[in-house]
Amino acid sequence: MLIGMGVAVLVLLLAVGGLGIALLAGGDDEPEVTTQPTTSTTEEPGGTEPSGEPSPDSPPPANNNAVTAKYSSDFEEVCAGGAILNAADYTAGSNTTKVYAFSNSPDRATDWRTRSVGYDKPFYAKSADFTTVSVVACLTTVPGSEGTPKKCDYKDRDEKPIQVDYISSRLDVAFYAAKTGQKLGTGDQVNAPANRCPSYISYNSSTMKAYAAPDEGAITAAIEKFLS
């Protein structure tokens with residue numbers, strides 16, 4: 001009888017222990033069973049089933065490439081896919097929106113140059129006032145738009161005669177919210193005319209090519225049209 005009672009107690013302990021292990025294992029392996037709420041898929045009259053997609057009013061996702069600007073030139077990061085953390089918030093239709101513009105060229109695709117335009121326009125911001133800027137205009141050369149090179153004669157640093165191919169082109173214009181990097185829209189194409197050789201030129205010493213700068217008046221017009 002004592003042996004029988006001992007076996008019964010052991011079985012009871014194992015049973016209790018097994019239950020404890022089962023509950024613990026169940027809690028570790030499937031925590032979502034007790035924490036995840038259930039959702040009904042039954043449509044209500046006149047309603048729609050949840051789609052799981054963000055609403056049109058949802059804010060844009062955070063930009064992992066956002067940086068804190070120290071200078072106005074740092075706003076070129078927007079044209080490279082980034083954003084400016086200390087830029088001004090963009091408000092559509094505002095008559096106080098400030099805009100910076102940058103352009104690149106086929107031989108310097110990652111080199112964005114500042115285009116200071118609209119000095120007498122409301123959208124203009126001085127370089128020291130970069131935190132008031134909320135929009136960045138990025139001008140990119142249209143592939144295949146290059147014109148016939150104009151041969152320009154110069155002298156290099158050593159006074160040696162050189163000849164540079166001065167090239168015209170057209171550029172696409174895209175506008176972005178500086179603080180988020182979100183694309184806001186596009187503008188009319190801008191010409192980069194190469195009608196005459198400039199007195200000073202920056203060229204690629206490997207290809208002996210130089211791309212004309214985009215027309216400032218056309219950039220100003222594209223910005224004003226976007227803001228109107």
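All values reported here derive from a predicted model rather than from experimental measurement.
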Hydrophobic cluster membership, with links at side-chain heavy-atom distances under 4.5 Å among I/L/V/M/F/W/Y: are [X] and [Y] in one?
X: Tyr211; Y: Phe102; answer: no
X: Tyr124; Y: Val99; answer: no
X: Tyr100; Y: Tyr90; answer: no
X: Val67; Y: Val133; answer: yes

Between [atom1] of [X] and [atom2] of [Y], what distance do you get to the nearest 0.5 Å?
X: Gln182; Y: Tyr176; atom1: CD; atom2: OH; result: 11.0 Å
X: Ile223; Y: Asp188; atom1: CD1; atom2: CG; result: 12.0 Å
X: Ser116; Y: Ile219; atom1: OG; atom2: CD1; result: 9.5 Å
X: Thr140; Y: Gln189; atom1: OG1; atom2: CD; result: 11.0 Å
X: Phe175; Y: Lys225; atom1: CZ; atom2: NZ; result: 10.0 Å
X: Asp172; Y: Thr186; atom1: CG; atom2: OG1; result: 8.0 Å

Closest contact, heavy atoms only, [X] versus [Y]:
X: Ala212; Y: Ala194; value: CB-CB, 4.0 Å
X: Lys150; Y: Arg196; value: CE-CA, 3.6 Å
X: Phe130; Y: Phe75; value: O-CZ, 3.1 Å
X: Glu224; Y: Phe123; value: CG-CE2, 3.9 Å
X: Ala66; Y: Leu85; value: CB-CD2, 3.6 Å
X: Pro193; Y: Tyr166; value: O-OH, 4.2 Å

Q: Give a yes or no on whether the backbone of Thr131 and the side-chain of Asn86 come within a donor-acceptor separation of less than 3.5 Å.
A: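 Absent.
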Q: Begin from the C-alpha positions of Met208 and Ile162 and carry the test side-chain contact (heavy atoms from CB on, under 4.5 Å) through to its verdict.
A: CA-CA 9 Å; Met208 298 304 291; Ile162 59 172; 4.0 Å; yes
Q) Hey, mind stepping through Leu171 and Val142 against side-chain contact (heavy atoms from CB on, under 4.5 Å) and telling me if it holds? A) CA-CA 5 Å; Leu171 296 92; Val142 177; 5.6 Å; no
Q: In sequence, state the C-alpha distance, the side-chain angles, and the governing distance for Asp107 and Lys209, and then conclude on salt bridge (Lys or Arg N to Asp or Glu O under 4.0 Å).
A: CA-CA 9 Å; Asp107 60 343; Lys209 292 181 179 180; over 6 Å; no
Q.
Does Thr114 form a side-chain contact (heavy atoms from CB on, under 4.5 Å) with Ser72? I'd like the steps, not just the answer.
A. CA-CA 9 Å; Thr114 302; Ser72 60; 5.8 Å; no
Q) Only one of Val136, Leu139, Asn104 clears side chain to side chain contact (heavy atoms under 4.5 Å, CB included) with Trp112; which? A)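 Exactly one pass, corresponding to Asn104.
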Q | Summary of salt bridge (charged side-chain N to carboxylate O under 4.0 Å, His left out) pairs that have at least one residue in residues 156-168, sequence neighbours excluded | A |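 Non-adjacent pairs meeting salt bridge (charged side-chain N to carboxylate O under 4.0 Å, His left out): Lys151-Asp165.
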Q: For the pair Asp129 and Lys98, evaluate side-chain contact (heavy atoms from CB on, under 4.5 Å) and give the outcome as yes or no after the intermediate values.
A: CA-CA 10 Å; Asp129 300 329; Lys98 304 297 182 182; over 6 Å; no
**Q.** With Lys179 via side-chain hydrogen bond (donor to acceptor under 3.5 Å, both in side chains) - residues at least two apart
**A.**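 For Lys179 the side-chain hydrogen bond (donor to acceptor under 3.5 Å, both in side chains) partners, ignoring immediate neighbours, are Asp89.
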